[in-house]
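Reckoned from all heavy atoms, side chains included, excluding hydrogens, waters and symmetry mates. Since the structure is predicted, the reported quantities are computational estimates derived from the model, not experimental observations.
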Amino acid sequence: MLAMLRLFLIFWKNKFKFYFSPNISSNVCFGENVQIMGIDNILIKDNCTIGESTLFTINNRTNKQTQLTIGENTYIGRDSFFSVGK
């Protein structure tokens, strides 16, 4: 029972972590299974839609400086991959 509760809490934590980031606007729509590695280094502006199974990887995460900016009114289709290096 505790294992199931833990999985449930991890699922919801991962699902809503985007909505509590100060760099992500409140009116961004995320599809299922979107992953952001380096969430402190990405800026997503208003009215964006991120399709399911999209992966963002920010490789240089030594500071909280923005490495990738997604502009307003942007649509990113499903199964997309973005990688940002130095």
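In this structure, V34 is not a member of the same hydrophobic cluster as F81, with clusters built from ILVMFWY side-chain heavy atoms closer than 4.5 Å. Taken together through direct or relayed side-chain contacts under 4.5 Å among Ile, Leu, Val, Met, Phe, Trp and Tyr, I39 and L68 form part of one hydrophobic cluster. Linking ILVMFWY residues whenever their side-chain heavy atoms come closer than 4.5 Å, directly or via other members, places V28 and I70 in the same cluster.
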Show me the side-chain donor-acceptor pairs of residues 50-58 shorter than 3.5 Å, one per line, residues at least two apart or across chains.
{"unit_1": "T54", "atom_1": "OG1", "unit_2": "G51", "atom_2": "O", "d": "2.7"}
{"unit_1": "T54", "atom_1": "OG1", "unit_2": "G77", "atom_2": "O", "d": "3.4"}

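Pairs passing the side-chain hydrogen bond (donor to acceptor under 3.5 Å, both in side chains) check and including a residue from residues 69-81, sequence neighbours excluded, read N47-N73. Note on residues 57-66: pairs passing salt bridge (charged side-chain N to carboxylate O under 4.0 Å, His left out), not counting sequence neighbours, are D40-K64.
Here the CG-CD distance, from N60 to Q65, works out to 8.0 Å after rounding to the nearest 0.5 Å. Expressed to the nearest 0.5 Å, how far CD1 of I44 lies from CD1 of I24 amounts to 4.0 Å.
A search for salt bridge (Lys or Arg N to Asp or Glu O under 4.0 Å) contacts involving K45 returns nothing, not counting sequence neighbours.
The shortest distance between side-chain heavy atoms of F82 and I42 does not fall below 4.5 Å.
Between G71 and C48, the shortest heavy-atom distance links the atoms O-SG, 3.0 Å. Contact record, S83 with N59: OG-ND2, 3.4 Å, taken as the closest heavy-atom pair.
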